Amino acid sequence: MRIKVLGAAAGGGLPQWNCTCTNCSALRQNHPHIQSRTQSQLAVTADDDAWFLINASPDLRQQLINNPEVHPDPAKGLRNTPVAGIILTSADLDHVLGLLLMREFTPVRIYATRPVISILKKNSFFQMLDRLPGQSRWTEIEPNVSFNAGGGLTCTPIALSNSLPTYISEEDRTALVPTGATIGVILEDPQGARAAYLPALPSVSAPLKHLLSTCSSIFIDGTFWTDDELQRIQPGTPLARSMGHLPISGPDGSLETLKYLKGTRKIYTHINNTNPILQEKSSERRTVEDAGWEVAWDGLEITL
């Protein structure tokens, strides 16, 4: 199984268009110890042929251009793609806006839970994926029920939160059953290699701890260093946990909570532009690296 990080930043990317935080300013000043990142996006293949996208970021067009593994093949005709499907982990805009970029008359298979499908299908924007009969092919998936995505890739959705995106109206919230609104995924190839991708992790339960211990590599929510990271910069903004993101630091942060994992390759991804671990010489970066963690970057590839 090959896994490639097409984008490692949280919503807004790095630098974020309207931000003058330390990290965004350093990038604009060409600081040598920080690199830009597009919004979080993963691609995975179990057979080196069929690639699956985990989510569809707003930066998807450029991410597909930047990575030749997911280029169309001229030998296969005018319109083709190695992208065999898209697996959505939520209906958050950062995870679904890229779907609108895939409306160019090529069939697209989309795997999502029931609340995510309900939300997206109600939005007329996504009807642009049906410019041809049968163009968008939606497959409902359920937490804890494994499915064969194709190309030898088995995916198991993991329920993480019933939190719905903030853009959902109160009327729609009342009508929706939110079970599975936010999931992570366990990816497995025919040889049994397993990896976890959890870009939005609100907490770590005992069953989840066990699941993660069965994986040789994990990509974990690295959005914020502290719970009040945004509030320190801009008063009135929400806490990390209130947005469904377990912070990295602190006695109950992900660094401490997951320290039991030995021999597992551990990678932080979905990193907010304000997070000090993005600075390669920061004390926070040193702390996570000393604990055996990596910080994802656009183009990082691992083979299991």
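Side chains are part of it too, since the values below use all heavy atoms of this structure and drop only hydrogens, waters and symmetry mates. Keep in mind that this is a model prediction, so the values were computed, not measured.
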Donor-acceptor pair, side chain of Asn272 and main chain of Asn275, under 3.5 angstrom: no
Side-chain (Thr269) to main-chain (Ile220) donor-acceptor, under 3.5 angstrom: no
Pairs involving residues 88-113, ordered by first then second residue, that meet salt bridge (charged side-chain N to carboxylate O under 4.0 Å, His left out) (sequence neighbours left out): Glu104-Arg131
Non-hydrogen side-chain atoms of Arg137 and Ile110 separated by less than 4.5 Å: no
side-chain hydrogen bond (donor to acceptor under 3.5 Å, both in side chains) between Thr89 and Asn55, intermediate numbers included: CA-CA 6 Å; Thr89 64; Asn55 293 320; 2.9 Å; yes
For Leu230, the rest of its hydrophobic cluster, which grows through side-chain links under 4.5 angstrom: Phe224, Met243
Non-hydrogen side-chain atoms of Ile86 and Met102 separated by less than 4.5 Å: yes
Side chains of Thr139 and Ile117 in contact at under 4.5 Å (non-hydrogen atoms): no
Leu208 vs Leu160, side chain to side chain contact (heavy atoms under 4.5 Å, CB included): CA-CA, chis, key distance, verdict: CA-CA 9 Å; Leu208 181 57; Leu160 296 177; 4.1 Å; yes
Audit row: Leu261, Ser213, side chain to side chain contact (heavy atoms under 4.5 Å, CB included) steps and yes/no: CA-CA 6 Å; Leu261 291 170; Ser213 71; 4.0 Å; yes
Exam field: side chain Ser242 to backbone Pro238, donor-acceptor pair closer than 3.5 Å: no
pair Lys4-Asn67: side-chain heavy atoms closer than 4.5 Å: yes
Chi angles and distances behind the side-chain hydrogen bond (donor to acceptor under 3.5 Å, both in side chains) call for Thr156, Glu188: CA-CA 8 Å; Thr156 305; Glu188 184 170 354; 5.8 Å; no
Other ILVMFWY residues reachable from Met1 by side-chain steps of under 4.5 Å: Ile3, Val5, Leu42, Val44, Phe52, Ile54, Ile87, Tyr111, Ile141, Phe147, Leu153, Ile183, Val185, Leu187, Tyr197, Phe219, Ile267, Trp297, Leu300, Ile302, Leu304
Within 6.0 Å of CZ in Arg241, more than 12 heavy atoms from elsewhere: yes
Tyr167, OH atom: more than 12 neighbouring heavy atoms under 6.0 Å: yes
Pairwise side-chain contact, Pro276 with Glu229, heavy-atom cut-off 4.5 Å (strictly under): yes
